[in-house]
Amino acid sequence: MSQPVSAIVKDGDRSFSLRIDACRVFLGGEFAGNIEIDIACPADAVTRAVDCLRVQVTGEPSSDMALGNGEYAPGTQLIFWADWSTRLQKLPEQVMLLWGETLIASITPSLEDSVPIEEKIEFTEPSAILSTPPVATSNLVLLAANRERWWLLLTALLVGVGGLVGPSFPGLELSDPMLNWVLGGFLIAAGLGVGFLLAHVPYRQIWLDRDRRRVLIIGGRTRWPETKLADAPGRSLDGFDHVRVYMRWQIAEGVDEHDQEVWMVALEGPIPYASVDGTVHLHDEALPIGNYSSEFTARKIAAEVAFHTGLKILDTGHDQTA
């Protein structure tokens, strides 16, 4: 538990005392990255404390001003967050408090609502999901291909309308009845063409170069993605620890529509902590693999990616805390 420390603050022509009673760091769960500070100070100094106090750890820049403040009888509770605080792999030895740019105190923090992830989470092996291991015949492996969800609907619409125009609607008053069949045939051909294009040429592809141990991303449609892999942006496979699969709700746009489940698969780096209730925060630096409407499909894709990369699977399912 944190030991209180005191500081004298000079604010303009005024000086007053602050007592930092506690510092709590969250490294797991929904609030991973939060740093809470309990400050005892005069009541008329609370607003200035919220505006001026910052936190910092060794080797990182100072945070922005507090995201918010809560109730703490002797003063106020301040809540800080920074990009670096979400990447902490262990509890820092000291958290420094700054008044603006001036260091005023350092306090030993305590870990809050965070336990080692292996105590709460059981990782899944690909073999538990896949009945047959996937086959890779090259050092270049396609992990996932992202396609529009609407292409099947568009294809069906064009083919369906084309099929009706020719035989069912001879009264379209075209100059030649045969033009009905020409128009219908054109719509059918267009539908099949669109279907073929969008089915076989995805707008985003994730590849694994097993020789270089890199995950590569190809954006934009191309019939020959292998020609772009040498220059494709990517990330080292060594930076990833597991494949995450989780669900989020897609909020309906209309009052007559229902919210939809969207299952997401991503590659993530090491996550050392979970919350005491077993929830695991989704890290911003995760590499999205794809979004799927089917839970079965998402888990199958996650298992195939895990098999090819040699990683385990973190399945947080419906916990809705990602």
Could you walk me through whether Ser293 and Val262 pass the side chain to side chain contact (heavy atoms under 4.5 Å, CB included) test, one step at a time? CA-CA 5 Å; Ser293 58; Val262 178; over 6 Å; no
List the atom of [X], the atom of [Y], and the distance in Å for their closest heavy-atom pair.
{"X": "Trp84", "Y": "Gln56", "result": "CZ2-CA, 4.0 Å"}
{"X": "Leu130", "Y": "Pro134", "result": "CD1-CD, 3.6 Å"}
{"X": "Pro288", "Y": "Arg204", "result": "O-NH2, 2.8 Å"}
{"X": "Ala32", "Y": "Thr86", "result": "O-CG2, 4.2 Å"}
{"X": "Glu268", "Y": "His281", "result": "OE2-O, 4.5 Å"}
{"X": "Gly28", "Y": "Ser114", "result": "N-OG, 3.0 Å"}

For Trp207 and Ile217, what are the C-alpha separation, side-chain angles and deciding distance, and is it a side chain to side chain contact (heavy atoms under 4.5 Å, CB included)? CA-CA 6 Å; Trp207 288 76; Ile217 306 166; over 6 Å; no
My understanding is that only one of Thr58, Val55, Ile104 makes a side-chain contact (heavy atoms from CB on, under 4.5 Å) with Met96; could you say which?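 So the option named by the test is Thr58.
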Gln89 atom CD, neighbour heavy-atom count above 12 within 6.0 Å: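 Correct, the count exceeds 12.
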Please indicate whether Asp64 has more than 12 foreign heavy atoms, meaning atoms of other residues, nucleotides or ligands, lying under 6.0 Å from its CG.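 Atom CG in Asp64 is not packed in, count stays at 12 or less.
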Out of curiosity, [X] [atom1] to [Y] [atom2], how far, rounded to the nearest 0.5 Å?
{"X": "Leu237", "Y": "Asp209", "atom1": "CG", "atom2": "CG", "value": "10.5 Å"}
{"X": "Leu78", "Y": "Met65", "atom1": "CG", "atom2": "CE", "value": "9.5 Å"}
{"X": "Ile20", "Y": "Ser6", "atom1": "CD1", "atom2": "OG", "value": "6.5 Å"}
{"X": "Ser15", "Y": "Lys10", "atom1": "OG", "atom2": "NZ", "value": "4.5 Å"}
{"X": "Leu97", "Y": "Cys52", "atom1": "CG", "atom2": "SG", "value": "12.5 Å"}
{"X": "Glu36", "Y": "Ser110", "atom1": "CD", "atom2": "OG", "value": "9.5 Å"}

Is the backbone of [Y] close enough, under 3.5 Å, to the side chain of [X] for a donor and an acceptor to pair up by distance?
{"X": "Thr279", "Y": "Asp277", "result": "no"}
{"X": "Glu118", "Y": "Glu122", "result": "no"}
{"X": "Ser85", "Y": "Ala82", "result": "yes"}
{"X": "Arg214", "Y": "Gly234", "result": "yes"}

Assigning hydrophobic clusters by single linkage (Ile, Leu, Val, Met, Phe, Trp, Tyr; side-chain heavy-atom cutoff under 4.5 Å), is [X] placed with [Y]?
{"X": "Val57", "Y": "Leu27", "value": "yes"}
{"X": "Ile79", "Y": "Ile39", "value": "no"}
{"X": "Leu143", "Y": "Ile129", "value": "yes"}
{"X": "Leu142", "Y": "Ile206", "value": "no"}
{"X": "Ile271", "Y": "Val115", "value": "no"}

Answer yes when Asp238 and Arg213 have at least one side-chain N-carboxylate O distance shorter than 4.0 Å, and no when they do not.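 Result for this pair is yes, salt bridge flagged.
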salt_bridge(Arg48, Asp11) N-O dist < 4.0 Å: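 The answer is yes: the pair qualifies as a salt bridge.
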Check whether any side-chain heavy atom of [X] sits under 4.5 Å from a side-chain heavy atom of [Y], and report yes or no.
{"X": "Leu208", "Y": "Leu140", "answer": "no"}
{"X": "Glu112", "Y": "Val25", "answer": "no"}
{"X": "Phe240", "Y": "Leu287", "answer": "yes"}

Verify side chain to side chain contact (heavy atoms under 4.5 Å, CB included) between Trp249 and Gln260, making sure each step is shown before the conclusion. CA-CA 6 Å; Trp249 289 103; Gln260 300 293 319; 5.9 Å; no
Please work out whether the ring planes of Phe16 and Trp99 are parallel, tilted or perpendicular, with thresholds of 30° and 60°.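 Phe16 vs Trp99 ring planes: perpendicular.
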Considering residues at least two apart in sequence or located in another chain, which fulfil the side chain to side chain donor-acceptor pair (under 3.5 Å) criterion with Asp38?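 So Asp38 forms a side chain to side chain donor-acceptor pair (under 3.5 Å) with Arg24, Gln77.
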Less than 3.5 Å apart, any donor N or O on the side chain of Asp315 or Tyr246 sitting next to an acceptor on the other?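 Asp315 vs Tyr246: no donor-acceptor pair found between side chains.
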Does any donor atom in the side chain of Asp113 or Ser275 lie under 3.5 Å from an acceptor atom in the other side chain?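 There is no such pair between these side chains.
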Under the side chain to side chain contact (heavy atoms under 4.5 Å, CB included) rule, what do Ile35 and Phe26 come out as? Steps first, then yes or no, please. CA-CA 6 Å; Ile35 299 175; Phe26 295 75; over 6 Å; no
Could you pull out every donor-acceptor pair under 3.5 Å between side chains of residues 300-314 and any protein atom, sequence neighbours left out?
from, atom 1, to, atom 2, distance (Å)
Lys300, NZ, Glu304, OE2, 2.6
Thr309, OG1, Val305, O, 2.7
Thr309, OG1, Ala306, O, 3.4

